[in-house]
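Each remark here refers to the structure printed beneath this line.
Only heavy atoms go into these numbers, but all of them, side chains included; no hydrogens, no water, no symmetry mates. Please read these numbers as outputs of a predicted model, since none were measured by experiment.
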Amino acid sequence: MRHLPQKKIIIPLKKQFIWILVLFLGGAFLLTVLITYRTTTAQLSLLNNSLTTYSAQLARTTRNAYDSYENVCYSLAYGTPVQNYLQNDTPEEDY
């Protein structure tokens, strides 16, 4: 029995170039999509963490300012000059 040589499939150079180009462009597109997705996810995570931190800091600062102003108001309200003014019955003493 005689062994016949197998036919080799030869793809023309133009088709090879087209396939290589399609694979390269597809890979570049997928890589771009992946990098964009990961970058966006990282940016959103950083933004959420920053927003949480800034919100907590704003709440703390506002509370501290409120406490300070409240203390000042109590000090003024219960101070001797204000109490004397409020308890005087005559306008001359108020002046």
Side-chain angles (χ1 to χ4, degrees):
M1 188 179 231
R2 195 169 148 186
H3 190 61
L4 294 173
Q6 292 182 345
K7 279 190 168 183
K8 292 183 179 178
I9 300 174
I10 299 176
I11 301 174
L13 189 58
K14 185 176 180 179
K15 282 189 178 182
Q16 288 179 14
F17 180 72
I18 290 172
W19 277 108
I20 290 171
L21 185 63
V22 166
L23 289 175
F24 174 75
L25 291 176
F29 177 75
L30 288 176
L31 187 63
T32 302
V33 168
L34 179 66
I35 289 172
T36 303
Y37 173 75
R38 288 198 175 185
T39 302
T40 304
T41 304
Q43 291 284 340
L44 286 174
S45 176
L46 180 65
L47 180 64
N48 286 335
N49 290 341
S50 296
L51 185 61
T52 303
T53 303
Y54 293 145
S55 296
Q57 183 180 4
L58 179 62
R60 261 193 326 271
T61 304
T62 304
R63 183 64 193 173
N64 289 341
Y66 175 80
D67 289 341
S68 296
Y69 294 139
E70 185 179 35
N71 291 338
V72 168
C73 289
Y74 283 135
S75 295
L76 288 175
Y78 293 108
T80 305
V82 173
Q83 290 300 315
N84 289 340
Y85 175 78
L86 292 174
Q87 292 176 1
N88 286 337
D89 293 330
T90 60
E92 292 85 21
E93 290 179 16
D94 287 345
Y95 178 72

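Annotation: the span from R63 atom CZ to T61 atom OG1 amounts to 13.0 Å, rounded to 0.5 Å. Between atom CG of residue L13 and atom CD1 of residue I20 there is a gap of 8.5 Å, rounded to the nearest 0.5 Å. Atoms OH and CG, on Y54 and L47 in that order, are 10.0 Å from each other to the nearest 0.5 Å. Summarising the geometry, atom CD belonging to Q16 is positioned 9.5 Å from atom CD1 belonging to I10; distances are rounded to the nearest 0.5 Å. Remark: T62 OG1 to L58 CG distance equals 4.0 Å, nearest 0.5 Å. Note that the OH atom of Y66 and the CG atom of N71 stand 10.0 Å from one another [nearest 0.5 Å].
Nearest heavy atom pair, residue V82 against residue L76, reads CG2-O, 3.1 Å.
Taking the side chain as every heavy atom from C-beta outward, Q83 and T80 never approach each other to under 4.5 Å. Side-chain contact between N49 and S45 is present, with heavy atoms from C-beta onward closer than 4.5 Å.
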